[in-house]
Every structure is written in C-alpha cells, then in structure tokens.
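Read the structure below first, then the notes.
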Amino acid sequence: MLRPLAFVAQKDVNTHNRNHEFMMGDSLLISHVHEAGLQEKEVYLPEGNWYYYFDDRHFEGKQLINIETPIDEMPLFVKAGAVVTHYPPMQYVGEKEFEEMILHVYYGEGVTHSILYEDAGDHYGYKNGQYNLVRFKQSSEKKLFRLKKKFVGRYEASYRHHHVFIHGIPFTAKEFIIDGVSHPLKAADVKNGVIELLLERKFEEIIIK
C-alpha cells in the first residue's frame, strides 16, 4: 500500500533517492513534515496532474513545487481521475451504522480506474465471499465529465446512498445525468467550485455537461 515514488515512476530519474514523498495506494501522494516549525517544503510530483487535497489547487507533474506546511496540514495530493472514498469518523470498526458512503471524485481528462473494496472489517467473512468490489471508471473530456460504477459482491453494507463531491470540473456545468435521467444543475449543488450530489447507492453512471 505504501511505496516510494521510484516504485511508481521508475523511468523518472527525479524520483530516485527521494525520501520525503511516498504513495499510499495508486492515487494519494504524501510528503511528511520532518522538522518542527517548518513553514514550507519542496515536494516532487511525478508525471500526471495532481490536486492539493486541502484546497483543490491543481498542479502538473514532473516538477518540484513549494507547498505551505501549516500546523493542521500535511502535504497531501490526489491524482487527477481518482475516486477517493471516505467513511464517517469512528473510534473503531462498527461503532455506528452510517447511511451514506462519501465519494470524492477528482476530474481528470482521459480514462482512469479506481476500486473500492469493502467488507465487515471485523471478522473473516471475506474468505467466504462476503465482500464487495466497486469499480469506478472515469472517462472525461474537456467539456464533459463521465463516471461509471460497476458493483460486484455479496456483502450487505449498511449504507444506501453515496454523497458525491466532484472536484476540478474545468467547464461551466449546466446539467447532470444519472443513469440516463437528466437534472438541471442548481447553484445549491455547487459549493466553492465543487459539485455536490446525493445519489442512491445503486447508481451506475454520472454525466455532467
């Protein structure tokens, strides 16, 4: 799950011998804050496009950037095209049931894939097939966002909705289409440039244009 940059961008000599950045999974790049009182640090971003997690600033890869390091933030970047899932805060697995799974989706031109694995998290039911694989495919263009979801599995999760946050749409969106049904995009659906939708868990496709 944790890999140095040289493992994911082996042909890029700028990733060799860099000890401050690492990847968590395929989509999250982290650079640790290594000394007290540090106000800013240099981070190398490999090939691709990247969003700064805390404010959605957009950066092109294959370059060194300087990023602020306030006390409540650690340099964290999300690769364009990714779907990053969030659970509500809990002190331990199963502390409470929740009604919605949060999806943070980051616009990226072209085709990208993400996978959500889910199971009960408190026993070995996955050995008997009690788990789900939710596969996401984003295939967006300059003036169109498209996300498809394919669900495979036998685990009965408690949530029934997806709270979807779509970051970085580079065009003025006027409508969103859920499984072929069109809806006007209202001002209330967009907050600080992020499109926010509450959808049924069973949805299979989102189109924004």
Side-chain angles (χ1 to χ4, degrees), residues 23-30 45-63 65 67 73 76-89 98-118 132-153 157-209:
M23 294 293 297
M24 188 172 88
D26 295 325
S27 302
L28 299 179
L29 185 151
I30 300 166
L45 301 176
E47 185 175 10
N49 292 298
W50 301 86
Y51 292 86
Y52 187 55
Y53 177 82
F54 296 100
D55 61 16
D56 283 355
R57 274 180 288 170
H58 187 260
F59 298 92
E60 292 186 7
K62 298 199 75 171
Q63 66 167 326
I65 65 167
I67 196 76
E73 294 179 12
L76 171 59
F77 299 84
V78 184
K79 195 167 188 179
V83 177
V84 180
T85 57
H86 288 225
Y87 279 67
F98 56 98
E99 289 297 321
E100 58 186 38
M101 168 74 74
I102 300 169
L103 305 178
H104 285 273
V105 187
Y106 293 83
Y107 170 89
E109 192 173 342
V111 178
T112 53
H113 299 269
S114 301
I115 298 177
L116 165 64
Y117 170 89
E118 56 185 8
N132 299 325
L133 287 178
V134 186
R135 300 181 183 273
F136 299 95
K137 176 183 177 182
Q138 186 182 155
S139 53
S140 298
E141 304 169 9
K142 291 185 182 297
K143 294 188 177 182
L144 182 136
F145 168 89
R146 177 184 286 112
L147 179 72
K148 290 188 175 182
K149 176 170 71 74
K150 184 177 181 181
F151 175 92
V152 177
S158 64
Y159 67 94
R160 294 293 176 264
H161 298 90
H162 282 299
H163 200 162
V164 184
F165 297 83
I166 303 169
H167 303 255
I169 297 291
F171 54 87
T172 301
K174 297 181 178 179
E175 66 173 325
F176 63 96
I177 302 167
I178 307 299
D179 297 336
V181 180
S182 178
H183 308 269
L185 193 65
K186 303 175 183 178
D189 298 326
V190 184
K191 299 176 182 177
N192 297 319
V194 178
I195 295 174
E196 183 177 342
L197 304 172
L198 184 62
L199 306 178
E200 295 289 331
R201 182 186 177 202
K202 62 183 180 181
F203 89 87
E204 295 183 354
E205 183 180 58
I206 305 172
I207 296 174
I208 298 176
K209 57 183 181 178

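All values reported here derive from a predicted model rather than from experimental measurement.
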For a quick test of reading the model, state the closest non-hydrogen atom pair linking [X] to [Y] and the distance between them.
X	Y	result
F171	I208	CZ-O, 3.5 Å
V78	A82	CG1-CB, 4.0 Å
H167	Y51	O-OH, 4.0 Å
D179	E204	OD1-N, 2.9 Å
D189	P184	OD2-O, 4.1 Å

How about [X] and [Y]: do any of their side-chain heavy atoms sit closer than 4.5 Å?
X	Y	result
L116	F136	yes
I177	I206	no
L199	I178	yes
E175	K209	yes
H58	D56	no
E100	L198	yes
L45	F77	yes
M101	V134	no

**Q.** Audit row: I195, L185, side chain to side chain contact (heavy atoms under 4.5 Å, CB included) steps and yes/no
**A.** CA-CA 9 Å; I195 295 174; L185 193 65; 3.9 Å; yes

Check your understanding: Given L76 and L28, is the side chain to side chain contact (heavy atoms under 4.5 Å, CB included) satisfied, shown in steps?
Key -> CA-CA 7 Å; L76 171 59; L28 299 179; 4.3 Å; yes

Can you tell me how far [atom2] of [Y] sits from [atom1] of [X], rounded to the nearest 0.5 angstrom?
X	Y	atom1	atom2	value
I166	L147	CD1	CG	7.5 Å
H113	K150	NE2	NZ	12.0 Å
T112	Y106	OG1	OH	13.5 Å

- For residues E60 and N49, is any side-chain donor paired with an opposing acceptor at under 3.5 Å? no

Would you say [atom1] of [X] has more than 12 non-hydrogen atoms from neighbouring residues, nucleotides or ligands within 6.0 angstrom?
X	atom1	answer
D55	CG	yes
R135	CZ	no
Q63	CD	yes

Is the distance between the ring centroids of F98 and Y87 under 6.0 Å?
yes

| query | Is the gap between the ring centers of H161 and Y159 under 6.0 Å? | reply | no

Query raised in the report: Yes or no on salt bridge (charged side-chain N to carboxylate O under 4.0 Å, His left out) for E205 and R146, after CA distance, side-chain angles and deciding distance?
Result: CA-CA 7 Å; E205 183 180 58; R146 177 184 286 112; 3.6 Å; yes

inquiry  = With salt bridge (charged side-chain N to carboxylate O under 4.0 Å, His left out) as the criterion, how do R160 and E99 come out once you've worked through the C-alpha distance, each side chain's angles and the decisive distance to 0.1 Å?
reply    = CA-CA 6 Å; R160 294 293 176 264; E99 289 297 321; over 6 Å; no

Original post:
Which word best sums up how the rings of F203 and H162 line up, parallel for under 30°, tilted for 30 to 60°, or perpendicular for over 60°?
Top reply: perpendicular

>> Looking at K191 and E196, is any side-chain nitrogen of the basic one under 4.0 Å from a carboxylate oxygen of the acidic one?
In response: yes

Fill in: Under-4.0 Å salt bridge between E109 and K142
yes

When you measure from the side chain of S140 to the backbone N and O of F145, does any donor-acceptor pair fall under 3.5 Å? no

- Query: Got a donor-acceptor contact below 3.5 angstrom from the Q138 side chain to the K148 backbone?
  - Reply: no

_E118 vs R201, test: salt bridge (charged side-chain N to carboxylate O under 4.0 Å, His left out). Steps then yes/no._
CA-CA 14 Å; E118 56 185 8; R201 182 186 177 202; 3.2 Å; yes

Exactly one candidate in V105, V194, V84, L103 meets side-chain contact (heavy atoms from CB on, under 4.5 Å) with F165; the answer is V194

